[in-house]
Number of protein chains: 2
Amino acid sequence: MLSQAEENYLKAILKLSQKNGQSVSTNAIAEELNTKASSVSDMMKKLSEKSWIHYVKYQGVSLTEKGHSFAVHIVRKHRLWEVFLVNHLNFKLDEVHDIAEQLEHIKSLELVNKLDAFLNFPSFDPHGDPIPNEEGEFPKSSAIPFSELPMKSRGKVVAVVMDEPSFLKYLDKLNISIGSQVEIIEVNEFDDSFDVKINDKQSHISFDVAKNILISLL
Amino acid sequence: MLSQAEENYLKAILKLSQKNGQSVSTNAIAEELNTKASSVSDMMKKLSEKSWIHYVKYQGVSLTEKGHSFAVHIVRKHRLWEVFLVNHLNFKLDEVHDIAEQLEHIKSLELVNKLDAFLNFPSFDPHGDPIPNEEGEFPKSSAIPFSELPMKSRGKVVAVVMDEPSFLKYLDKLNISIGSQVEIIEVNEFDDSFDVKINDKQSHISFDVAKNILISLL
DNA sequence: AATAATTTTTAGACTTATCTAAATTAATAT
DNA sequence: ATATTAATTTAGATAAGTCTAAAAATTATT
Ligand SMILES: [Mn+2]
Ligand SMILES: [Mn+2]
Ligand SMILES: [Mn+2]
Ligand SMILES: [Mn+2]
């Protein structure tokens, strides 16, 4: 069974390899985890012996298939807990990361899947990051949060992340429902809100609302 | 900040001193935690230096005030998580302990209190064990689960642990509400169910129902 | 291609938590 | 009161994870 430290290393390697592609350097991992390069070297040797990563001295590391799917599983747990904390315990967006950083290490497959069901199988976390399903598959990339819709492009609402009645009621008021056509007209920098078109009618929505609406590009 | 190991030791000491009163022996702790007496001795020295326990060599240990209230806090977390797992994630009674054993170590006062509120400030966990409040006070002992009402004695329903609509509806059908007079007539060993009187009318309830109804003795 | 700068690894030390085996203290029985 | 037994502590090892400082390898620069 993986230690908490080992899990954090795997997650860091996943994050860095997703960002920069190819193999990940010792220094990059050290920086990501606020530790020293020498500690990373030690750990890489260990993870490599256990076949979680491919490691050639001085050449950087990459995840094995086994390592990759485990790292994805930790990310899944992290993001599901964040959904719980924000949607059900009323935490603010900026308060949940550190707690999820701990909760992601709780070991119980049943717990993860029951939590997933309880949350209604969300596809994105409160920060708009995609949540892999039980099989480790990320939601189809065609669905993105409204808040990340490219300028000028049009999209169709395909899902809603949050299931709070008050939120759904508010969407109703905004005339947003599954299937609505949407488009971002302008981003207001100072509060991250958006001037938008909903079914060709001009409207205005906050970032908090936009990130909870999933769009498929047209 | 306490390590997970230290927290488990404090909790074990609390549990043993609640059961047997007075000071707790090295061997008792070792057995409770499935470890060796020598490991316990080492840890006692450490906890004592940090003022979590009173420790005199060969004389056993007891919690300091600080140690006691911290241990109670861990118990609080453990039991609140158990309520969440059973009432909201549909875990069975026997499946939650090991998971709560991990969750109890998550560090965030805000999390505990928000969870408490989300669960509606329950007084007992799914096993019928009392849950201390934020101040570390256990629910007044006059309230006990129906399932622990002594034979022949009568009691009054003062609270309901579970807040599931389906459960409340079922209580309604059984004619049980706050203030109802209840009495246990007989315990059916093979399924732990009870023959009872509710407002002097004979009825039958399962253990699962009985443990979620809080009684104050008349 | 040789040198300098940077990155990475190794060597050695430290902390936490655990163990086995031996020594010590306390409790019990003669 | 001694001797025996049981409980507890100490001594010495080990494993995980981290660190600093030094050595080695790689990369960049002249
Ligand atoms: Mn973490
Ligand atoms: Mn997130
Ligand atoms: Mn525990
Ligand atoms: Mn319990």
Side-chain angles (χ1 to χ4, degrees), chain A residues 1-13 16-17 19-63 67 70-71 74 101-102 104-107, chain B residues 1-13 16-17 19-63 67 70-71 74 101-102 104-107:
Chain A
M1 213 182 26
L2 282 160
S3 72
Q4 199 153 313
E6 290 171 321
E7 291 188 350
N8 283 334
Y9 275 95
L10 288 185
K11 199 177 57 146
I13 296 168
L16 293 167
S17 58
K19 193 158 54 186
N20 310 318
Q22 15 124 2
S23 87
V24 178
S25 78
T26 301
N27 270 351
I29 297 169
E31 185 171 4
E32 173 71 24
L33 293 177
N34 288 304
T35 183
K36 295 294 147 85
S38 56
S39 306
V40 176
S41 280
D42 283 350
M43 186 59 97
M44 293 309 102
K45 219 176 297 169
K46 222 170 45 173
L47 289 175
S48 166
E49 252 154 44
K50 298 183 185 171
S51 300
W52 296 105
I53 59 173
H54 298 295
Y55 172 48
V56 184
K57 269 191 209 172
Y58 295 100
Q59 304 306 147
V61 299
S62 63
L63 294 166
F70 198 92
I74 301 166
E101 203 60 41
Q102 301 175 59
E104 71 189 2
H105 301 291
I106 303 293
K107 282 166 181 63
Chain B
M1 212 181 25
L2 283 159
S3 71
Q4 199 153 313
E6 290 171 322
E7 290 188 352
N8 283 335
Y9 275 96
L10 288 186
K11 199 177 56 146
I13 296 168
L16 293 167
S17 58
K19 193 158 55 188
N20 310 318
Q22 15 122 2
S23 86
V24 178
S25 76
T26 301
N27 269 350
I29 298 168
E31 185 170 3
E32 173 71 24
L33 294 177
N34 288 305
T35 182
K36 294 294 147 86
S38 57
S39 305
V40 176
S41 280
D42 283 350
M43 186 59 99
M44 294 308 103
K45 219 176 298 171
K46 222 171 46 173
L47 290 175
S48 166
E49 252 154 44
K50 298 183 185 171
S51 300
W52 296 104
I53 60 172
H54 299 294
Y55 172 50
V56 184
K57 270 192 209 172
Y58 296 101
Q59 304 305 147
V61 299
S62 62
L63 294 167
F70 199 92
I74 301 165
E101 201 61 41
Q102 301 175 59
E104 72 190 1
H105 301 290
I106 302 292
K107 283 168 180 62

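For the numbers below, each heavy atom of this structure counts, side chains included, while hydrogens, waters and symmetry mates do not. Below, read A as the first sequence line, B as the second, and so on, with proteins coming before strands; counting in each chain starts at 1.
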_Watson-Crick and G-U pairing of DNA chain D, under 3.5 Å, as dot-bracket with | and [ ]_ = ||||||||||||||||||||||||||||||
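Proximity of B:L33 to B:V40: side-chain heavy atoms (C-beta onward) are nowhere separated by under 4.5 Å. Annotation: side chain of A:W52 is not in contact with side chain of A:I13 (no heavy-atom distance under 4.5 Å).
In this structure, the OH atom of A:Y55 is 11 Å from the C1' atom of C:dT7, given to the nearest Å. B:E6 places its CD atom 8 Å from the P atom of C:dT16, with the value rounded to the nearest Å. One interatomic measurement links the two molecules: CG of A:N27 to C1' of D:dT26, which rounds to 13 Å at whole-angstrom precision. Spacing between atom CD of A:Q59 and atom P of C:dT7 amounts to 15 Å, rounded to whole angstrom units. Computed from coordinates, the A:N8 CG to D:dT18 C1' distance equals 14 Å when rounded to whole Å. Counting to the nearest Å, the P atom of C:dT24 and the NZ atom of B:K57 are 12 Å from each other. In this structure, B:E31 atom CD and D:dA7 atom C1' are separated by 14 Å, rounded to whole Å.
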*Take A:E7 and A:K107 through the salt bridge (Lys or Arg N to Asp or Glu O under 4.0 Å) test and state the conclusion after the steps.*
CA-CA 11 Å; A:E7 291 188 350; A:K107 282 166 181 63; 3.0 Å; yes
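The shortest heavy-atom contact between A:H54 and A:L63 is CD2-O, 3.8 Å. Here the closest heavy-atom approach between residue A:N27 and residue A:A37 is recorded as OD1-CB, 3.6 Å. The shortest heavy-atom contact between A:N8 and A:E104 is OD1-OE2, 3.4 Å. Residues B:G67 and B:L10 share a closest heavy-atom pair of O-CD1, 4.4 Å. Closest heavy-atom contact between A:S23 and A:G60: OG-CA, 4.2 Å.
Contact annotation: A:T26 side-chain N/O to C:dT9 OP1/OP2 distance is under 4.0 Å.
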Write out a two-atom table: protein N or O, nucleotide N or O from nucleotides 18-20 of chain C, distance below 3.5 Å.
from	atom 1	to	atom 2	distance (Å)
C:dC19	OP2	B:T35	OG1	2.7
C:dC19	OP2	B:K36	N	3.2
C:dC19	OP2	B:S39	OG	2.6
C:dT20	OP2	B:K36	NZ	3.2
C:dT20	O4	B:S38	OG	3.1

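Comparing A:Y58 and B:A37 by the nucleotide of DNA chain D that holds the closest heavy atom to each, the one mapping nearer the 5' end is B:A37.
Annotation: side-chain contact (heavy atoms from CB on, under 4.5 Å) contacts of A:K57 (sequence neighbours excluded): A:Y55.
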